[in-house]
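Here the structure is laid out as structure tokens; the discussion comes afterwards.
A, B, ... follow the sequence lines: proteins, then strands. Residue 1 opens every chain.
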Amino acid sequence: ANATDLEVTHWWTSGGEAAAVGELAKAFDTTGNKWVDGAIAGSGSTARPIMISRITGGDPMGATQFNHGRQAEELVQEGLMRDLTAVAEKGKWKDVIRPLSLLDSCTIDGKIYCAPINIHSWQWLWLSNEAFEKAGTAVPKNWNEFVAAAPALQKAGIQPLALGGQPWQANGLFDVLIISLGGKDLYEKVYKDKDAEVAAGPEMAKIFAAAAQARDMAKGSNVQDWNQATNMVITGKAGGQIMGDWAQGEFQVAGKKAGTDYTCLPGLGLNEFLTTGGDAFYFPLQKDDAKSEAQDILAATIVDPKTQVAFNLKKGSLPIRGDVDLAAANDCMKKGLDILAKGSVITSTDQLVSADTTKQKEDLMSEFFANASITPEAAQKRFADIIGSAD
Amino acid sequence: MHNTVSIDKQNSVSIRDLSLSFGSVTVLENLNLDIHDGEFLVLLGSSGCGKSTLLNCIAGLLEPTEGQIFIKDKNVTWEEPKDRGIGMVFQSYALYPQMSVEKNLSFGLRVAKVPQAEIDKRVARASEILQIQPLLKRKPAELSGGQRQRVAIGRALVRDVDVFLFDEPLSNLDAKLRSELRVEIKRLHQSLKNTMIYVTHDQIEALTLADRIAIMKNGIIQQLGDPTTIYNRPRNLFVAGFIGSPSMNFLHGELTKNSDKMVFSSNGVSFSLDGYDAAQPLQAGRKVVLGVRPEHIKVNENLGPEVHDATVDIEEPMGADNLLWLKHAGHTMSVRINGARRFNVGTPVKLSFDMSLASIFDAETEDRI
Amino acid sequence: MHNTVSIDKQNSVSIRDLSLSFGSVTVLENLNLDIHDGEFLVLLGSSGCGKSTLLNCIAGLLEPTEGQIFIKDKNVTWEEPKDRGIGMVFQSYALYPQMSVEKNLSFGLRVAKVPQAEIDKRVARASEILQIQPLLKRKPAELSGGQRQRVAIGRALVRDVDVFLFDEPLSNLDAKLRSELRVEIKRLHQSLKNTMIYVTHDQIEALTLADRIAIMKNGIIQQLGDPTTIYNRPRNLFVAGFIGSPSMNFLHGELTKNSDKMVFSSNGVSFSLDGYDAAQPLQAGRKVVLGVRPEHIKVNENLGPEVHDATVDIEEPMGADNLLWLKHAGHTMSVRINGARRFNVGTPVKLSFDMSLASIFDAETEDRI
Amino acid sequence: MASISTLNTAAASFDAVSSQLASGPSGRKPRRIFAPRNIMLYGALTVAALYYLLPLYVMVVTSLKGMPEIRLGNIFSPPMEITFEPWVKAWAQACTGLNCDGLSRGFWNSVRILVPSVVVSIAIASVSGYALANWRFKGAELFFSILIIGAFIPYQVMIYPIVIVLRELGIYGTLTGLVIVHTIFGMPILTLLFRNYFASLPVELFKAARIDGAGFWQIYFRIMLPMSLPIFVVAMILQVTGIWNDFLFGVVFTRPDTYPMTVQLNNIVNSVQGVKEYNVNMAATLLTGAVPLIVYFLSGRLFVRGIAAGAVKG
Amino acid sequence: MAAHAPTGRPSQLFRNLNAKIASIPMMLVALVIFLGGTLWTVFYSFTNSRLLPRLNFVGLDQYERLWASSRWMISIQNLAIYGILSLIFSLVIGFILAALMDQKIRFENAFRTIFLYPFALSFIVTGLVWQWMLNPEFGIQSVIRSLGWTSFAFDPLYDPDIVIYGILIAALWQGTGLVMCLMLAGLRGIDEDIWKATRVDGIPMWKTYLLIIIPMMRPVFITTLVIIASGIVKVYDLVVAQTSGGPGNASEVPAKYVYDYMFQAQNLGQGFAASTMMLLTVAIIVVPWAYLEFGGRKRG
Ligand SMILES: Nc1ncnc2c1ncn2[C@@H]1O[C@H](COP(=O)(O)OP(=O)(O)OP(=O)(O)O)[C@@H](O)[C@H]1O
Ligand SMILES: Nc1ncnc2c1ncn2[C@@H]1O[C@H](COP(=O)(O)OP(=O)(O)OP(=O)(O)O)[C@@H](O)[C@H]1O
Ligand SMILES: [Mg+2]
Ligand SMILES: [Mg+2]
């Protein structure tokens, strides 16, 4: 085929992310087409509005990143997205993609509209071995030990918990606490069943208490971006950070070794469940047939095993298919793969609640984490309201 | 509204039933005016009386609410300004600042795509008439006020128009230049013999330039006539007070009969009306205003048969003339005498009034009797 | 700079060697002027000659570059304006727009913490003098131009000052109001007997108001004298041309001897100088300019022994007067005659000149001979 | 102005005492340069100037330091070792995603957006202002009032409708579309400026031109335009700074290969790879601000004049 | 004698046709974009549109939710604080600077340039610079601490209670230059004789400004007020660049709420409801002004 330029928008601009995108681009370019990079810095929340206005404005890009889940639901319903069912059938996606729930969230009315590229799990605690050494305590094995070690860290002038200022980080942290401290049932009752009573109940109260603890530990981390927070852990300025597996990429770029320089605790070392959220590429309908063809090629490329390996190694996320060889994966990744293999997976919030509800939660959490004067009780009450009206 | 209007062939500009309002404010109302061919008509009135509005209607810069305008027998009420055969000169000169004098003069011709040779000829002629040849290359900013106004007149001149409209062309000039340009405009009219309509609020300009003067007040023409008539036989109190500087002296009183003769009496003093040319029969008991111009009162010299006593209150020497403000039977009265005659304040003097040049107005209707 | 200066005790304002420059532009140079107590002095000159600058120096609003100013025998050169005992009235009125008339009048007093009773008394007196009692509650925007100017005068009045300074107070008013307020200011001076310094470029104001006039040109006083002297015996060509409207007629020529008598000849016509009161001996051959005022030329009436021929070029009837522009031996000459006498254009007329009221100037130095 | 006179206040009162002592000439004219009033005046101005200059200074200084120096020193200390590395990096090397050509690409994109947007928006607004000021017709003022109220509407509110309009016109995402968006949002304030300015020109000029037979466009081009330099400068400065500095429209209505410089700046600043490179950020910031700053420095004097002519008169 | 029939008024539509044609862009913008767009927004604020506009009417639900939202309340509160303070301070500072500049000073051009240059910079740039200046680790706080005052605390961008003031500092830095410019133009327009009159009356300088000059400059103040106010309502970029609304929600503003809910939360209905509330506020401020300024006055 002759080369077609395909513009791909995404919000992967940090060091590890950019390296991973590079792999993807390389893979696509070798098919004889050309990847035109449309990175939008900031985060999904900056980039998504732009992507959506371009799609609804009639100037769609060739492909765009979304978190798979409900973010693109309406666009698909509106008929603005390309149906990838043919590509999926040809690539036997139904057979290779694992867990299958990933593909489910790309499926609307039986048709497949997106190509998942990775699995991201949020439930990781990243710890700086150096920091604990300096504080003179052992590297914690789980969240509770970490909380206990906080005073020692503080005494040593180290920030116990690093937390960036963007709302989605606080929100993510809170959801991790639910799963890891409260368990799968609690999580599903709240987010899947949207049970306001549970959300207002005593079990959630415990989570809020823990969140308040986390808030105290995070006090003073004056950074905005997640990777700046990660950087605090990398440089030993902070003891730990709750962040998704993408943080792994940053450690890798910084040349740190899992186990020796840093420690990762999936499920906060308590409840080893991972959510299977992740990123997927959507392909807005194009008028130009050549472009549509290139879109199919890109979709196939994304799911291709080789790309999966190259991409996910750089990104620090997990591949979407079980049949790839990740010999090169490091400690942490392997831990994650094991958990996946065990089937300890939970549907991510992206798939369970709407962007609207997520936004409201983000508003609540970012307020809660920034403002120590909000009591856990007050926050819980507002939380229950949000869940009560969630969809 | 009339359905057919008859226009005198000799008229250059005819205005029929013209009304104009800005929103709810009526500025002109049912105005009729015929301007003869070659006539110099001056529209005189105080500020805000609607003079410029009328001129702008004639020029086509404002659209009348009602009525018709004819120029050279053609109904131009809805024509564009350029198609009316008029030229206009503004108080602020309105020269195009970025163009040289020559370009200013020729702009209208260039817009109308007149051939260059013709343009050159007309510009040359106009600048010769107005003696602005040496200025042709200059920008307006490099000209004095008088020169600017000359160029502005030139701009109307080159367009070879039938009717010249002037809107207070001299009020931005100082007194000296004003009187110089006044003479030039008069000379221009004498040589061109175009119809000219000239708006001013300066009565000296009106008196010196006009063939006829139309005195306006609140959008209504109060009197239309030649300068002498207007000065000597003002039709009403407003015209009488408006024309003449210092103003006519007005004495309020009534007509009474004194031994068979009608006299005017006011504050216990009576004035014989001998020589007054009344337009209406004089009736005793009628409340009237007697108007006498300052130069028609004699002081201590050539006194007539009837003599009044007065004292000098203020003296205003003005060079050629001397203006006395006198106290006379409770009135203050101004009298103009020769500049060489001087009086001290407080001096008692004798006065006599020339009734043949006085005016009497009804106190109620304010019209001349 | 002088080290000691003697000041006449009778003087209210004395200016000694005053110079003022704005950067490199010298506006006033070495100016000396004594203004008597109770005198009404008018500074007259064309625009930009430095009148306002001088007035501002006296008021303390501008700092002189050199020289001293004394008011009531006190050296005030470096005093604040408010401490100089002056009040000032501006052309633009300079009323405080958001304050009522009463507040405008009393503001200075209130700031100076004058007791309220005293303020009320002074405001009442000033508003009575100026007859603005009914206006006290109004804002300046609700006043007419004349009323505003009256309030502005009132503001100086309440401050009980020795010297009133007026900077063209009437030029923003229309002709009628101007002449009315002129009379009022004159009356005010007659009753208050304060020293008044009055800047104007209007010669009528100068002639009517002044006890003495100082005519300025380029920051230099050309002539200082009473109005009659200035009008009839102008010290140089500038003064002669500046005063009088229409201007004095100037004829360029030379003095020649004709059968023992000195005559003025120009364009082949000669004028007898009988009656001329020369300040210097008249020498034959001297190039001179003869100046005759329009009202000092007689037309067809009361002709003198020497009669000149002329034709009427333009006639400008002005009501009380009639202005003729005549062609006479290559000159254009203006003549003012009684308004009742009318001439047609082109009429030949006979003229005679009154030499006792004429002026002769050296053509070189432009000074009066 | 007032000011001449007020300047002398201090001097005059200083000398008042001595002049009361004698009727003779008073003392030497006091020196004015160090009068307390002047010290206060210039002192206040200088302090204010420092507040305004400080951020610029910090930007320049920071952009010339290396990262280690930034981490150690304080933001106000001058660079010990001047390096232009951050500038080079900001201009040509900084990465967003896969594109590592810094701001340079955005610069030319910005220029490509700027020139037509400025020209079109000023052209349309000046003609509208001219029509409003000189050719009043029924309803014109109503449209104008809507326009003015429109100036207050937050841009976010209008984005969605505009996306729809542009989509319907089929020019979403094109340069034309963006130019139209800039024209729309420049319209209220520019039309106001032009209308006020043209209304302040003597109406007689317009009348004279009509009598001379010039029509709508002839008057506009041959009479009005040549007289309107100050207001065009104001409009130009407002539009150049506004359009150059625009972020929202640039990001919503363009595509990545035509991103303007501000979007690129935001990308660079927010694409943190490891630690924030403050020096590169500051260099990038300065580079982005350079164009409006230069335009402003070159024509600032006319700006003030034009503001006085067009904005303050209502 | 010739008889002429009067002619009737020709059609008004084609009078000044060129002017009307030339005004078409303006009319389109006014009608389609500003009026149409606004009505469209208000209309859809009564629906439960999510990512795409849909016509499912839900009455006032969106508004009820809006006013129950603590983030919206914070936004409103912030806008009020920021708005009032920035109005006051920019007018006061702008006026004082203008008054100082109006004293026939030397280097007027240099000072003016210095005060005005921030105006040429975008809010993005302004936000970044001030974020840097106010950064507690590197900025003013650390500088002062390094000078020996170790307990000195000035980190407004990280303190939820005062973060809005940190934004205000940057906004004032950016905007007061223009205000000064407008004020200066106003001061220069004041009749010189007024100053002379006050000196002759012996009125002290500050009283002159307070009681005479400022009241005289009312039109300039109103123009300035409107310009500043329109900027305040729209404030968005600055907050995004400086704090992204943080810490927490402490520096959120309504414009950002609108944007976030329209695009991030993909709840257009909510965003439109918030927009409508903003429009309402604007209308309350602007309509009376516009009426006085453009409607009530007839020009000659
Ligand atoms: N465009 C307009 N809108 C409303 N009223 C107007 C307009 N133009 C003029 N007027 C009013 O019409 C009246 C007459 O105005 P016009 O300009 O004709 O007066 P004028 O006699 O020329 O006065 P002046 O001697 O001051 O020029 C005035 O009261 C004026 O306020
Ligand atoms: N502040 C200033 N700076 C520089 N030159 C000035 C200043 N003020 C006045 N001048 C100049 O000084 C000269 C005299 O000005 P002044 O105002 O005294 O004239 P004037 O006689 O009052 O004129 P007018 O009749 O126009 O008021 C003028 O040439 C003017 O340009
Ligand atoms: Mg007029
Ligand atoms: Mg003056």
Side-chain angles (χ1 to χ4, degrees), chain A residues 5 7-26 29 35-43 46-47 49-62 64-65 164 166 223-232 234-235 237 249-250 253-255 287, chain D residues 67 71 94-101 103 105-106 155-156 158-178 180-181 247-259 262-278 281 284:
Chain A
D5 286 0
E7 184 202 323
V8 187
T9 53
H10 58 87
W11 56 85
W12 288 322
T13 53
S14 77
E17 291 169 344
V21 172
E23 292 296 334
L24 198 51
K26 211 160 66 190
D29 286 353
W35 172 287
V36 177
D37 194 61
I40 301 166
S43 63
T46 314
I50 296 159
M51 296 165 174
I52 292 168
S53 4
R54 282 194 52 194
I55 295 166
T56 53
D59 174 41
M61 58 299 280
T64 184
Q65 173 197 10
Q166 292 160 342
V223 291
Q224 199 61 25
D225 303 302
W226 67 268
N227 53 347
Q228 284 178 284
T230 309
N231 197 258
M232 290 173 75
I234 292 175
T235 55
K237 278 194 204 128
E250 297 296 301
V253 170
K287 289 192 202 84
Chain D
M67 271 315 284
R71 247 173 256 126
C95 295
T96 320
L98 296 183
N99 302 316
C100 290
D101 43 9
L103 288 169
R105 199 161 52 124
Y155 295 148
Q156 288 80 5
M158 301 268 85
I159 286 183
Y160 218 102
I162 289 183
V163 167
I164 293 173
V165 169
L166 293 187
R167 181 183 69 205
E168 296 306 313
L169 294 175
I171 48 174
Y172 183 92
T174 60
L175 185 61
T176 319
L178 186 61
I180 289 179
V181 171
F247 172 76
L248 189 65
F249 303 141
V251 81
V252 173
F253 294 100
T254 55
R255 33 172 90 218
D257 52 337
T258 53
Y259 273 168
T262 36
V263 178
Q264 218 91 21
L265 170 71
N266 181 58
N267 280 349
I268 287 172
V269 170
N270 283 325
S271 301
V272 190
Q273 325 225 338
V275 285
K276 272 201 167 179
E277 292 182 289
Y278 290 106
N281 290 355

- Interchain contact, A:Thr230 with chain D, by part (heavy-atom threshold 4.5 Å):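 Neither part; nothing is under 4.5 Å.
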
- Query: Who among A:Gly58, A:Gly57, A:Ala254 has the most heavy-atom pairs with chain D under 4.5 Å?
  - Reply: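 Ranked by heavy-atom pairs under 4.5 Å with chain D, first place is A:Gly57.
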
- Item | Separation of D:Ile164 CD1 from A:Thr56 OG1 (nearest 0.5 Å) |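 Between A:Thr56 OG1 and D:Ile164 CD1, I get 8.0 Å after rounding to 0.5 Å.
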
- Message: Which atoms of D:Tyr259 are under 4.5 Å from chain A, going by heavy atoms: the side chain, the backbone, both sets, or neither?
- Response: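 The side chain, not the backbone.
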
